2 protein chains.
Amino acid sequence: MSKTNQDLPVPRKRGRPPKGGLGYENTREALIRCGMELLTEQGFINTGLDQILKKVGVPKGSFYHYFQNKEAFGYVVLENYSQYFIHKLEKHLSNNDLTPLARIQSFIDDAIQSVEHFEFKRGCLVGNLAQEFGCSHDFFKEKLEAVFKEWKLRIADCLELAKAEGSLAPEADCEKLADFFWIGWEGAVMHSKLHQNKQAMELFAEQFFKLLPKT
Amino acid sequence: MSKTNQDLPVPRKRGRPPKGGLGYENTREALIRCGMELLTEQGFINTGLDQILKKVGVPKGSFYHYFQNKEAFGYVVLENYSQYFIHKLEKHLSNNDLTPLARIQSFIDDAIQSVEHFEFKRGCLVGNLAQEFGCSHDFFKEKLEAVFKEWKLRIADCLELAKAEGSLAPEADCEKLADFFWIGWEGAVMHSKLHQNKQAMELFAEQFFKLLPKT
DNA sequence: GACTTATATAGACGATCGGTCTATAAATGC
DNA sequence: GCATTTATAGACCGATCGTCTATATAAGTC
């Protein structure tokens, strides 16, 4: 994700795009990227299609060429966000230059820096959607649960590594701790967004590491 | 808050209410109570006035007699929720039959039972509004921050008691721990609502107590 | 007890906005 | 050249918020 969207300069032509051109993916991905921005900032319901379309410079009719409806769009954005996030997570958690626990800290630092960079306007898309749809919406519910499961797995694995390596006590329940991590993390992101500072995220991270049973 | 709303039986009469009657508070409070229900379940934006009015059996014209607009209504609902919640909190945290730490556990048990009773459909109104308005809305932002501050204070005081009493180590930073508590708690409520079970809330509570530096 | 004022309900109405649908334009392919 | 594919263009419909006027009932006034 780049700093700001430089999507406007694209003067879309009306008909079928020329062969070599990547017209389709171009527009579609611009919509998804913009969706990630706005949904992360404002949530799903609160973000109108018009706002997205205006920002990307795409007329309404185009939108429904690329997506079935707003819901389907949201699902794709969520999927993309999830992919992006897992990629980020794995980048840190598989960094062999660091000890397993330091890798988690490295991810946290990155996340804090990112949130800071966006002036605490962006929260977590998964958290947003979870709160907006929560139970009520089975379609999203299952996907959201699956995403959290993926995230949890990654942290749990990393904690297992720490255990094997000896920096985490053998009696530690890595699954539980990983669950705990994401539960608290979501709360921390929400608080940071509300208070417009990184204090909550830092505080949670600090306490989380304090909680880990060391050898 | 009662289990279900028994608001419908009230057959509102049209004109000025009789002197002794509490017509005003009656309708107004029914609206607020219903607002607490629905905003806690669905969030602010997602809940239409019409839905509230239909459920309480009040026509639109009445609503704008009691409240300036939807936003002002939301603010009043938030204020009421906050009051209700602080009352609940204080009930537990000032229970002299229990040790300070047991009082916090007592509050947690109550909250879990409550969420369970509502079949995990209700989240935390403050969390909902924080995520919906977050930064973007100064009016709510300040109120939400104030509410969290109040909640934090109560827990911090209780932890101080525990420290004085000797069940909490003297080096414990009660403010930090109280902050941490609410950060994680919000995340736990969100997760419980998403997964439709109390696991997240229980897990967070368990780990929180494990984290406290004991003597 | 008639007239005015205060309190509240009743619901039609308009402006706005989100989401859907049909029409149009441009390039391709046979 | 004509059908097909791919994308844009924007009209349209319905829902929602908030306002407005009308109505009903009680209270106050003399």
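Naming: A, B, ... by sequence-line order, numbering from 1 per chain. Not measured: the values here are computed from a predicted model.
- Listed nucleotides D:dT8, C:dT20, C:dT9 differ in distance to A:S62; the shortest reach to its side chain belongs to D:dT8.
- In this structure, OH of A:Y66 is placed 18 Å from C1' of C:dT20, rounded to the nearest angstrom.
- Between the CG atom of A:L53 and the P atom of C:dG19 there is a distance of 10 Å, rounded to whole Å.
- Closest approach to the B:N69 side chain among D:dT16, C:dA8, D:dG18 is made by D:dG18 (side chain taken as heavy atoms from C-beta onward).
- Under the 6.0 Å distance and 45° angle rule, A:K70 counts as a cation-pi partner of A:F44.
- Side-chain proximity of B:L49 to the nucleotides D:dG18, D:dA7, C:dG19 is greatest for D:dG18.
- Comparing C:dG19, D:dT8, C:dT9 against the side chain of A:K70 picks out C:dG19 as the nearest.
- Separating the CD1 atom of B:I45 from the P atom of C:dG18 is a distance of 12 Å, rounded to the nearest angstrom.
- Residues A:R122 and A:K193 form no side-chain contact, since every pair of their non-hydrogen atoms from C-beta on lies 4.5 Å or further apart.
- Nearest to the side-chain atoms of A:P59 among the listed nucleotides D:dG18, D:dA9, D:dT16 stands D:dA9.
- Whole-Å rounding puts the B:Q51 CD to D:dA15 P distance at 15 Å.
- The side chain of B:K60 contributes no N or O atom lying less than 4.0 Å from OP1 or OP2 of C:dG11.
- With respect to the salt-bridge test (charged N to carboxylate O, under 4.0 angstrom), the residues B:K141 and B:E145 qualify.
- The side chain of B:T27 contributes no N or O atom lying less than 4.0 Å from OP1 or OP2 of C:dA8.
- No side-chain heavy atom of A:E132 sits less than 4.5 Å from a side-chain heavy atom of B:Q42.
- A:F67 has its CZ atom 18 Å from the C1' atom of C:dC21, to the nearest Å.
- Taking atom NZ of residue B:K54 and atom P of nucleotide D:dT16, one finds them 11 Å apart after rounding to whole Å.
- If you check every strand for non-hydrogen atoms under 4.0 Å, B:G61 touches a base.
- What separates CZ of A:F63 from P of D:dT6 is a distance of 19 Å, to the nearest Å.
- If you look at B:W151 and B:F85, their ring centroids are closer than 6.0 Å.
- When the P atom of C:dG11 is taken as reference, atom CG of B:D50 falls 13 Å away, rounded to whole Å.
- Side-chain nitrogen and oxygen atoms of B:Y64 include none within less than 4.0 Å of the OP1 or OP2 phosphate oxygen of C:dT9.
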